[in-house]
Amino acid sequence: MAVGIRHCTVRFMELESSSLMKCSLSSSPLYRKQSVHFSNSSSQRYNQCCSLSMNGCQGDSRAPIGTVETRTLPAVSSPALAMERLNSAISDMIKSDPPPYNSGIIRLEVPIEEQIEALEWLHAQNHLLLPRCFFSGRRVASEMCINGASSHSKLVSVAGVGSAVFFTHLRPFSLDDWRAIRRFLSKKCPLIRAYGAIRFDATADIASEWSAFGSFYFMVPQVEFDELEGSSIIAATIAWDNAASWTYQRAIDALQATIWQLSSVLITVQKKNPHSHILDSTHVPGKASWDNVVKRALQIISRNDPVLIKVVLARSTRVVTAADIDPLTWLACLKVEGENAYQFCLQPPHSPAFIGNTPEQLFHRDRLSICSEALAGTRARGGSELLDLKIEQDLLSSAKDHNEFAIVRECIRRRLEAVCSSVLIEPKKAIRKFTRVQHLYARLRGRLQAEDDEFKILSSVHPTPAVCGYPTEDARAFISEMEMFDRGMYAGPVGWFGGEESEFAVGIRSALVEKGLGALIYAGTGIVEGSDSSLEWEELELKTSQFTKLMKLEAPLLTRGQNRIINQNQKGLSCLPYHI
């Protein structure tokens, strides 16, 4: 921990040696970091974001909220009827006397007797220039009771527009910030949640493309659509805190303004590849620079007394297309092949959308129970059952991949043991298969000593060696010195806080997308003793293929930073090492 003067600020750093920093590879950074100008300047967008509703970080994080309520209205048969009922309830609140509290949060919800995809509802709101979020957890991890022990409805996915209250700052996410979020949550109201993400490295400078996100960004949606198994819920939430200069009346007025703009006519999201034509594609770093950085990492790793055992290096690919990229259409395509993964979208106001289809869970807390997982080592899926099994056996028997996987698993185990009374690993080593790739996998479970240990869990398990390296601080220092772009929220925690449950994934297999301006696609790979820079580059191509398969080339194109031609064929990008 790094303790500031006013805030006990956790910068998500492990208390390990910083010998790499003492034995720096060069007196100054080898490469100048690049940023992409998506829209307005950092300060403009940050100030715009802070003016739209209440920033909960500006209140007193230790002061209890006056009231936290969920009011459930009678169920209806359609989204249109649900909106009518919601509008009527809001009108009644406007006519009634305000609650006798200086602060509070109230959720009004209307059950719908039909399962409707949350992503389709969010797509119907594409005309709104409001912050929005989407989170779809894996089915096993998303099971929860909605209205008490007698209900067994399972939450499938959540979409939200507008923010009843948001939480963001340019400083690193701190204990005070966590408390600021928690004060608006309650076990009695399990579906009042704050959805968001935290930067991979809060100590790094924020590039312009990430400026609207701050060091972290969370939002309790103003209007929310919950997709359950067999039914749905539409909800509206108001939050106020007089101490933060956001009164109950202002909150009601802001909600009403949002409600009037909503559409209850659902639009089916296209789930087939949109095949946007690529006009330009640029890798940062390019292949030659990638080879040099990997070579330098291996030189340190192979020393007799290495200060670095593993480092995860990443690549950013800027893609410019002929037609607009709709982030929700991309997300719908990813969702089709992501049954065993998390899908997410987070878009602050006046900002690109951060979307992803990540296989990796950071942690899931259910009261005192905590679980996490180790995921490392990557292979493509085979075109046949026999080939797929052969590739699986190759991954299981690979000494290089086992070494990388064991580093991740044991590091997470030690971090959980620091805050848990016991930790169980089962399975210790197995294969987890996804549509396009397969990984080595282990599941870890523990029991917290207190629910308030949640912040300790978050600050200790991130970053895992799967996205940073080991030792953590030495790997982070190497990444900071050698990488040429800002990771932003890529590889950082993305998920939600709730009153009795919280769940976070690792923001990998992700992209930053904005209509009219293309996309930044991110991928990383672990470098350990025995790594080969060309094979690791191919792994980057494999990991980004879930995005690049959605595009095709308008003409033969030489990708800058790369010494090979990418040609158009019927399937899309022929530069991909595997067609899977």
Side-chain angles (χ1 to χ4, degrees), residues 10-14 133 135-138 140-142 172-173 177-178 181 193-202 213 215-218 312 314 338 340-346 354-366 369-376 405 407-420 423 425 432 434 439-448 451 453-470 472 475-476 487-498 501-510 522 524 526:
V10 174
R11 296 174 181 248
F12 301 111
M13 293 184 175
E14 192 175 0
C133 64
F135 190 85
S136 178
R138 298 184 300 206
V140 173
S142 300
F173 188 65
D177 297 319
W178 176 78
I181 295 173
R193 297 170 166 182
Y195 297 89
I198 300 171
R199 284 176 59 81
F200 167 76
D201 185 356
F213 292 81
S215 185
F216 57 92
Y217 182 88
F218 287 89
V312 178
N340 202 22
Y342 298 90
Q343 290 81 40
F344 62 85
C345 173
L346 184 66
F354 180 46
I355 66 171
N357 182 54
T358 174
E360 188 169 350
Q361 181 187 77
L362 186 63
F363 76 88
H364 175 229
R365 178 187 69 84
D366 184 355
S369 297
I370 190 89
C371 61
S372 184
E373 61 190 31
L375 212 63
F405 169 71
I407 290 170
V408 174
R409 182 188 61 197
E410 294 309 302
C411 180
I412 295 174
R413 176 186 60 80
R414 288 195 300 272
R415 292 176 181 182
L416 287 179
E417 286 177 342
V419 290
C420 293
V423 175
I425 305 178
R432 170 164 280 182
F434 299 92
H439 302 285
L440 294 174
Y441 161 79
R443 188 157 186 80
L444 300 91
R445 298 179 183 273
R447 186 165 183 81
L448 296 174
E451 290 186 21
D453 287 339
E454 179 178 69
F455 180 75
K456 295 179 184 177
I457 284 288
L458 180 59
S459 58
S460 64
V461 299
H462 172 74
T464 72
V467 295
C468 182
Y470 188 82
T472 303
R476 194 200 308 260
R487 291 191 181 190
M489 269 60 182
Y490 163 70
V494 55
W496 50 271
F497 291 111
E501 264 193 289
S502 298
E503 184 168 18
F504 280 84
V506 181
I508 57 174
R509 316 291 160 84
S510 53
Y522 302 95

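Hydrogens, waters and symmetry mates play no part in the numbers below; they use all other heavy atoms, side chains included. Everything quoted here is computed from the prediction, not taken from an experiment.
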Without swapping roles, check the side chain of [X] against the backbone of [Y] for a donor-acceptor pair under 3.5 Å.
X	Y	result
T358	V506	yes
S372	L362	yes
R415	S460	yes
Y522	G507	no

- request: Kindly indicate, with the supporting measurements, whether the criterion side chain to side chain contact (heavy atoms under 4.5 Å, CB included) is fulfilled by I198 and F218.
  value: CA-CA 9 Å; I198 300 171; F218 287 89; 3.8 Å; yes
Find the distance between [atom1] ([X]) and [atom2] ([Y]) and round it off to the nearest 0.5 Å.
X	Y	atom1	atom2	result
R365	I370	CZ	CD1	7.5 Å
L375	F434	CG	CZ	5.5 Å
H364	E373	NE2	CD	12.0 Å
F363	L458	CZ	CG	5.0 Å
T464	Q361	OG1	CD	12.0 Å
E454	E501	CD	CD	10.5 Å

Can you give me the closest heavy-atom contact between [X] and [Y], atom names plus distance?
X	Y	answer
H462	G492	CE1-CA, 3.7 Å
R447	S369	NH1-OG, 3.8 Å
I425	A442	CG2-CB, 4.3 Å
V312	A466	CG2-O, 3.5 Å
Y490	I508	CE1-CA, 3.8 Å
I181	A194	CG2-CB, 3.7 Å

query: Looking at the rings of F497 and F504, which for Trp means the six-membered one, are their centres under 6.0 Å apart?
result: yes
Check: F354 ring centroid to F344 ring centroid under 6.0 Å: yes
task: Sequence neighbours left out, what passes salt bridge (charged side-chain N to carboxylate O under 4.0 Å, His left out) with R445? Give chain and number order.
output: none
task: Given salt bridge (Lys or Arg N to Asp or Glu O under 4.0 Å), test E417 with R413 step by step and report yes or no.
output: CA-CA 6 Å; E417 286 177 342; R413 176 186 60 80; 3.1 Å; yes
field: F216 and F173 aromatic ring geometry - parallel, tilted or perpendicular at 30°/60° bounds
entry: perpendicular
field: Y342 vs E360 side-chain heavy atoms within contact, under 4.5 Å
entry: no
query: Does some side-chain heavy atom of I457 sit less than 4.5 Å from a side-chain heavy atom of L448?
result: yes
field: salt bridge (Lys or Arg N to Asp or Glu O under 4.0 Å) assessment of D201 paired with R487
entry: CA-CA 8 Å; D201 185 356; R487 291 191 181 190; over 6 Å; no
